[in-house]
Amino acid sequence: MQDRYDPKEAEPRISKFWEQAGIYAFDQNSGSEVYAIDTPPPTISGTIGIHHFFSYSQADFIARYKRMRGYNVFYPFGLDNNGIPTELLVEKLHNTTAEREGREKFVALVEQETKNYEKMYREVFARMGISVDWSLLYTTINSDVQKASQLSFLKLNEMGREYRKETPTIWCVKERTALSQMELKDMVLKSKFVTLRFSDEVVIATTRPEMLPACVAIFVNPEDERNKKHIGKKVRVPIFGQEVSVLADKRVDPEKGTGIVMCCTFGDLTDIEWYKAYGLQLRIIIDDRGRMLGEYFNGLTIRQAREKIIADLKEKGYLIEEKEIEHTVNVHERCNTEIEFLVKKQWYIRYLDMKEKLLELGNKLEWHPQYMKVRYENWVNGLQWDWSISRQRYYGVPFPVWYCKKCDEPVFADEGKLPVNPINDRPGKACSKCGSNEMVPETDILDTWATSSLTPLINGRWGEGGELMKKIYPMDLRPQAHDIISFWLFTTVVKCYLHTGKLPWKSAMISGHALDPKGRAMHKSLGNVIDPLLYIEKYGSDALKHWASLSKLGDDSSFQEKDVMTGARMANKMWNMAKFSRNNLDYDEAEAGNVMDKWVLAKAAFAVRDATRNLDEYNYAAAKRVADELFWAVADDYLEFIKHRIYKKERSANYALSEAFLTVIKLLAPFMPYVTEDVYQNLYAQKEKKKSIHVSGWPSISQKFASQENLEKGERIRKVIVYIRQWKHNNKMALNAPLESITIEGDLDEGIEDIKGTMSVKEVRKGKGIAEIPETGLKISIERGAEAL
RNA sequence: GGAGGUAUAGUCUAAUGGUAGGACGACAGAUUGACAUUCUGUAAACAGGAGUUCGAUUCUCCUUACCUCCACCA
């Protein structure tokens with residue numbers, strides 16, 4: 001064994017060994033029970049941060065635990081390259097745009113770049129010690145996945161779960177695409193709240209005066225004493241002059257503004273509801289780039305239009321009041337652009353009717369931690385739109401659909417021909433309605449969530465009819481972070497349920513976020529993203545995992561370098577223990593007759609029991625604490641207790657050390673996979689005839705040692721030793737300085753030799769003691785003996 | 001506006017209806033053979049208020065603060 005443990009040397013060497021020996025390979029032919037994990041595919045966006053290390057490590061703890069428990073672990077890896085972050089990355093790298101290249105060419109570019117990134121991700125994740133089977137790698141844009149995604153589209157269509165409709169759609173004018181509710185976030189923006197005179201009596205306050213040309217009605221609350229007299233009247237819209245009716249609707253808040261609201265197509269969600277409910281006219285004034293239509297505004301942006309109309313209203317005397325306000329608006333989460341509502345033909349997945357079923361499925365899923373379920377339930381209860389899956393973009397999975405040029409009837413691709421790109425491919429059949437052969441391709445692409453919601457099916461090679469699907473589905477675990485419960489988790493439940501009638505997994509393990517040392521979320525824009533490789537280089541991956549294992553599942557955790565240092569210290573300590581122990585192990589069962597030997601074996605047996613229970617509940621942090629406690633009890637205490645015996649090759653001590661240390665490294669193997677492997681290879685692999693600690697089985701120390709009596713007897717001796725240590729310390733003696741004698745009063749038979757040997761006491765007498773040793777019922781007096789010169 | 005979470009030494013955190021544990025840091029000390037990436041010891045904390053209880057840091061309620069998510073946003 002090497003003198004020092006150097007993770008920088010050891011970890012890459014061990015990673016290589018794992019890969020070559022296929023330690024983490026899923027065995028297609030094994031008869032062992034399968035444990036399948038639906039690994040989150042990280043987005044290819046160019047950076048891997050310490051937040052990846054944090055959450056992937058937490059899932060990895062469980063994967064490694066299950067593997068040691070004998071499961072045939074299906075732990076795949078995916079790369080998400082079907083999305084805007086990847087699109088932007090590739091556009092930047094090649095100084096082009098998806099639009100310029102065209103879909104086919106751009107996808108090829110992405111696939112080519114993905115090859116490079118695949119290598120990088122693979123190296124980094126392997127270096128992080130994530131025990132996935134790389135042969136199960138998938139990427140979300142490759143043709144297999146496109147095929148699965150398109151197949152899903154066709155099947156849902158057959159099931160009557162999809163419809164195409166011209167409806168007001170949430171729209172981003174910057175990226176010129178429809179959005180789903182999931183892609184929105186709140187933002188507080190400065191705005192102007194202006195009060196306008198429509199007539200002498202009808203006065204309206206609004207933040208969107210530029211919508212005036214789209215005004216189609218005025219609303220007041222039917223109960224509003226102040227304003228109900230206007231109901232049924234007609235007024236003229238200032239400047240634009242169209243005549244609109246004043247209608248009554250209880251959605252109007254009489255307290256807000258003047259209590260009178262204008263309804264425009266479309267300023268907000270309520271406008272859409274009114275438009276539908278009262279069959280109002282449609283006046284479109286914004287195009288898909290956010291430019292204003294019509295002579296008056298003539299191509300101005302929305303903001304310019306707002307300024308112009310306010311100035312004009314002021315000049316013409318319609319403006320009564322103008323106030324600067326801050327209000328919260330919905331923006332597109334990626335580009336922070338305020339959303340608009342435009343009318344577009346879109347494909348939808350109908351699921352608003354499934355709310356109850358979805359809640360029921362949420363109840364069936366085992367949530368870890370439990371309280372995360374509420375987020376799912378809130379989301380389901382708050383759904384207002386069916387799932388819009390059309391995106392007006394160039395890069396992504398195309399819809400397998402054409403439309404009849406004559407009658408607009410959709411023509412769907414044949415399942416056998418998938419994947420198709422309707423822009424280049426032909427449907428190969430005529431319109432079923434009018435028989436025409438002239439087709440217009442669908443140029444939209446599918447929402448990325450429509451594809452990533454299929455990961456359990458993608459992993460099972462669904463649609464290929466193989467055995468894999470049966471083996472792994474439903475999967476056992478979905479690990480993911482809490483921020484995408486309403487996206488990835490939710491959409492996966494929806495789609496997988498529709499396709500299989502089953503919940504996609506048994507349990508969900510929801511991790512928190514890694515925060516920077518000041519407790520702020522890590523964002524590229526804040527510049528506080530930490531590169532895990534920096535710390536892996538400095539302290540080792542095991543050390544970094546120590547930090548990741550400290551915080552409870554679901555809790556956010558700020559990155560603290562000192563926790564990494566503690567981990568590095570542990571790894572070093574373990575290595576030194578191994579060096580010390582290697583010549584002092586007795587692998588064959590010997591009678592553990594000594595009180596301290598029984599103590600350490602009892603501790604080890606209890607630790608296995610507790611760690612197992614905690615890991616079964618996905619409480620890796622508690623399991624890690626149990627393992628740590630055992631580790632330090634062996635390292636700091638037990639080793640000191642037995643040194644005097646181990647040199648004499650006492651079989652009982654050597655056997656107990658061998659068992660206890662093996663238990664320690666096995667309990668810690670999921671958390672510190674490298675150093676435990678190295679120690680195992682040096683000390684135990686041959687004896688156990690196993691290739692790796694990670695497939696060597698969970699510690700099997702006999703529970704016969706787990707007796708309260710063994711524990712308490714040893715604990716009492718330990719307290720006596722601690723007391724003497726403290727006494728020596730207070731009396732400025734070195735801990736190994738000899739003591740002439742001690743006198744103990746009370747019932748103590750076993751352990752006297754251990755006290756003598758550990759604390760260099762020449763003689764232990766029975767008799768009157770002076771000082772009480774806490775919690776032992778013993779009294780003690782200590783005779784220091786002749787002072788050394 | 002609604003929902004959920006959190007609040008423990010200087011810092012990061014754990015557990016618990018009855019002595020609040022650990023880590024880093026601080027301070028004091030030991031030490032030559034597994035380990036200075038060591039060991040031993042000391043000081044140091046339950047956000048505020050009310051209630052339930054023999055007893056509350058723990059359970060309940062309220063207040064405050066922070067973090068999420070959702071809704072509204074004329």
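All of these numbers come straight from a predicted model, not from anything done at the bench. Letters A, B, ... are given to chains in the order of the sequence lines, protein chains preceding strands, and every chain is numbered from 1.
Among the protein residues, A:Lys518 comes within range of no part of the nucleic acid, since none of its heavy atoms lies under 4.0 Å from any strand. Contacts of A:Trp727 with the nucleic acid, taken as non-hydrogen atoms under 4.0 Å apart, are absent. Here A:Tyr5 lies out of heavy-atom contact (under 4.0 Å) with every strand. The residue A:Thr258 sits apart from the nucleic acid: no heavy atom pair falls under 4.0 Å. In this structure, A:Asp268 reaches the sugar-phosphate backbone alone: every heavy-atom distance under 4.0 Å involves primed, P, OP1 or OP2 atoms, never a base. Residue A:Met262 is classed as having no contact, given no heavy-atom separation below 4.0 Å to the nucleic acid. The residue A:Ala568 sits close to a base: some heavy atom pair falls under 4.0 Å. Using a 4.0 Å heavy-atom cutoff across all strands shown, A:Tyr647 reaches sugar-phosphate atoms only and no base atom. Base engagement by A:Ala635 is indicated by at least one non-hydrogen atom pair under 4.0 Å involving a base atom.
A close approach under 4.0 Å does occur between a side-chain nitrogen or oxygen of A:Arg569 and OP1 or OP2 of B:U38. A:Asn736 has a side-chain polar atom (N or O) that falls below the 4.0 Å cut-off from OP1 or OP2 of B:U32. Between B:A28 and A:Lys732, no contact under 4.0 Å exists linking OP1 or OP2 to a side-chain N or O. Checking the phosphate oxygens (OP1, OP2) of B:U42, a side-chain nitrogen or oxygen of A:Gln726 falls inside 4.0 Å. In this model, the phosphate group of B:U68 is not approached by any side-chain N or O of A:Tyr376 to a distance below 4.0 Å at OP1 or OP2. Here A:Arg520 does not reach the OP1 or OP2 of B:C67: none of its side-chain N or O atoms lies under 4.0 Å away.
Taking atom P on both B:A45 and B:G51, the two are 26 Å apart, rounded to the nearest angstrom. Between B:A44 and B:A9, the distance separating the two P atoms is 14 Å to the nearest Å. Distance check on atom C1': B:A47 versus B:C66 gives 12 Å, rounded to whole Å. Between B:A34 and B:U68, the two C1' atoms lie 47 Å apart (nearest whole Å). As rounded to the nearest Å, B:A43 and B:C24 have C1' atoms that lie 16 Å from one another. Only the P atoms considered, B:A56 is 11 Å distant from B:G18, to the nearest whole Å. For the C1' atom pair drawn from B:G2 and B:U58, the interatomic distance equals 28 Å after rounding to whole Å. Nucleotides B:C59 and B:U16 have their C1' atoms positioned 13 Å apart, rounded to a whole Å.
Candidate nucleotides B:C72, B:A28, B:A3 were compared by shortest atom distance to the side chain of A:His729, and B:A28 ranks first. Here the nucleotide nearest the side chain of A:Leu639, chosen from B:A34, B:C70, B:A30, is B:A34. You'll find that the side chain of A:Asn572 is closest to B:C35, out of B:C35, B:G41, B:A23. Nearest nucleotide to the side chain of A:Thr566, out of B:C12, B:A15, B:A23: B:A23. Comparing B:C35, B:G41, B:C24 by their nearest atom to the side chain of A:Glu640 picks out B:C35. Among B:C72, B:U40, B:A34, the nucleotide with an atom closest to any side-chain atom of A:Asp636 is B:U40. The A:Lys573 side chain lies nearest to B:C39 when the options are B:C39, B:A15, B:A3. In this structure, the nucleotide among B:U42, B:A14, B:U40 sitting nearest to the side chain of A:Asp555 is B:A14. Nearest to the side chain of A:His482, among B:U11, B:U68, B:A34, sits B:U68. Of the candidates B:C12, B:A34, B:U68, B:C12 carries the atom nearest the A:Asp563 side chain, counting heavy atoms from C-beta on.
The local environment of CZ in A:Arg609 is crowded, with over 12 non-hydrogen atoms from other residues, nucleotides or ligands closer than 6.0 Å.
Base pairing of B:C35: no nucleotide in any strand meets the Watson-Crick or G-U wobble criterion (both distances under 3.5 Å). Of the nucleotides present, B:G49 is the one that pairs with B:C61 by Watson-Crick or G-U wobble criteria, both distances under 3.5 Å. Under the Watson-Crick or G-U wobble criterion, with both distances below 3.5 Å, B:C27 is paired with B:G41. Using N1 to N3 plus N6-O4 or O6-N4 for Watson-Crick, or N1-O2 and O6-N3 for G-U wobble, each under 3.5 Å, B:C66 pairs with B:G5.
Side-chain atoms of A:Asn363 and A:Lys373 form a donor-acceptor pair, as typed in the model, at a separation below 3.5 Å.
The cationic group of A:Arg375 does not satisfy the cation-pi geometry with A:Trp367, failing either the under 6.0 Å distance to the six-membered ring centre or the 45° limit from the ring axis. Cation-pi contact between A:Lys643 and A:Phe580: present, with separation from the ring centre below 6.0 Å and deviation from the ring axis of at most 45°.
When each of A:Asn654, A:Asp754, A:Leu657 is paired with A:Arg645, the side-chain contact (heavy atoms from CB on, under 4.5 Å) condition holds for A:Asp754 and for no other.
Centroid-to-centroid, the aromatic rings of A:Tyr535 and A:Trp547 stay 6.0 Å apart or farther.
Across every non-hydrogen atom of A:Leu489 and A:Ile510, the tightest pair is CD1-CD1, 4.1 Å. Scanning both residues, A:Glu340 and A:Ile302, for their nearest heavy atoms gives OE2-CD1, 3.2 Å.
Residue A:Arg4 places a side-chain atom within donor-acceptor reach of the base of B:U37, judged by atom type and a 3.5 Å distance cut-off alone.
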